[in-house]
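See below for the structure under consideration.
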Amino acid sequence: MNKVFNSAAEALDGVLFDGMSLAVGGFGLCGIPELLIEQLKQSGTRNLTIASNNCGVDDFGLGILLHTRQIRKMISSYVGENAEFMRQYLSGELELEFNPQGTLAERMRAGGAGIPGFYTKTGVGTMIAEGKEHKEFNGETYILETGLVIDLAIVKAWKADTSGNLVFRKTARNFNIPAATCGKICVAEVEEIVPVGSIDPDHIHLPGIYVHRLITGEHEKRIEQRTTRAA
């Protein structure tokens, strides 16, 4: 099975449809699949439900899909860096399901591991817990969260071999690994593709069994918050 495709357009061909769900790796603008996101914009696919820590910024990352009104619902932890995200949510144009960051990561991981639900203390006594099953363990109250199983996962890694084994660099691992596992189909974009056997098995962060399609390309890697000081 050849997993390597020549472009984002080819890699997403035949897997996109209106009303689908996506899991998107990245944290802020770190480790986001920017080439695949741009192709989503070009595809015009609409009414998307996207599970991702945030929605990028106004003019980069997932934020560009807000401006084209392609997103119907976000399952996210943080909206603070995106004015259009906040505007659409507050005006009722965008549905939002808030998740604590750890809960969102575990929902993705659980879905990828075939675990339909799990109990957590996070959110007990807050709006997060409303409408969810509560259960007591050892005198403490927990709420039931469900695992996420998603139509398509798009992620960004540093290096891959042709079998789809992935290596991430530093904090770019963030949500990429759990996001990749919970997708029925996973498409990864990387900076370099090497032959099978070139990567030490001990250095592989995500086994290729989770990855169905691969592309390589140049990445802008924009910095979300640049802080400098005078010389």
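Heads up: numbering here begins at 1 and tracks the sequence.
- For the atom pair R169 CZ and K156 NZ, the distance stands at 9.0 Å (nearest 0.5 Å).
- The two residues I199 and A160 come nearest to each other via the heavy atoms CD1-C, 4.0 Å.
- Using a 4.5 Å cut-off on side-chain heavy atoms (C-beta onward), F98 and M127 make no contact.
- Here the CD atom belonging to E95 is positioned 12.5 Å from the CD1 atom belonging to I71, to the nearest 0.5 angstrom.
- In this structure the side chain of R46 reaches within 4.5 angstrom of the side chain of Q70, judged on heavy atoms.
- Looking only at side-chain heavy atoms (C-beta outward), V187 and F5 stay at 4.5 Å or farther from each other.
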Audit row: F168, N176, side chain to side chain contact (heavy atoms under 4.5 Å, CB included) steps and yes/no: CA-CA 9 Å; F168 300 88; N176 275 298; 3.4 Å; yes

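- In this structure, K41 and L65 have side chains that are in contact, with non-hydrogen atoms separated by less than 4.5 Å.
- F60 is listed as a side-chain neighbour of L29, based on a closest heavy-atom distance under 4.5 Å.
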Start with the C-alpha distance between V24 and I32, add both sets of side-chain angles, then the distance that settles side chain to side chain contact (heavy atoms under 4.5 Å, CB included), and finish with yes or no. CA-CA 7 Å; V24 182; I32 64 170; 5.8 Å; no

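- Contact check for E106 versus T120: no side-chain heavy atoms found under the 4.5 Å cut-off.
- When all heavy atoms are compared, the tightest approach of Y210 to L206 is CD1-CD1, 3.7 Å.
- Atom OG in S163 sits 11.5 Å away from atom CD1 in I193 (nearest 0.5 Å).
- For the atom pair CZ (F118) and CD (E145), the distance works out to 5.5 Å, reported to the nearest 0.5 Å.
- Applying the side-chain contact (heavy atoms from CB on, under 4.5 Å) test between E97 and each of T49, I128, I75 identifies I75 as the sole match.
- Side-chain contact between L12 and S43 is absent, with no heavy-atom pair separated by less than 4.5 Å.
- The backbone N or O of P195 lies less than 3.5 Å from no partner atom in the side chain of T162, so there is not a single donor-acceptor pair.
- Between Y142 and F137, the ring planes are perpendicular. Angles over 60° get that label, and only those under 30° would be called parallel.
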Please table the atom pairs, donor to acceptor, closer than 3.5 Å between any side-chain atom in residues 86-94 and protein atoms at least two apart or in another chain.
residue, atom, partner, partner atom, Å
R87, NE, E84, OE1, 3.1
R87, NE, E84, OE2, 3.4
R87, NH1, E93, OE2, 2.9
R87, NH2, E84, OE2, 2.9
R87, NH2, E93, OE1, 3.3
R87, NH2, E93, OE2, 3.4
Q88, NE2, L66, O, 2.9
Q88, NE2, E84, OE2, 2.9
S91, OG, R87, O, 2.9
S91, OG, Q88, O, 3.1
S91, OG, E93, OE2, 2.8

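- Residue R213 comes nearest to E10 through the heavy atom pair NH1-O, 3.7 Å, listed as atom of the first residue, atom of the second, then distance.
- Residues C186 and V155 share a closest heavy-atom pair of SG-CG2, 4.1 Å.
- Distance alone, capped at 3.5 Å, places no donor-acceptor pair between the D151 side chain and the M20 backbone.
- Applying side-chain contact (heavy atoms from CB on, under 4.5 Å) to N99 and the options N53, L148, T122, L104 leaves one that passes, L104.
- For the atom pair CZ (R222) and SG (C30), the distance works out to 14.5 Å, reported to the nearest 0.5 Å.
- Atom-to-atom distance recorded for Q42:CD and I37:CD1 is 13.0 Å, nearest 0.5 angstrom.
- Between L214 and L166, some side-chain heavy-atom pair lies under the 4.5 Å cut-off.
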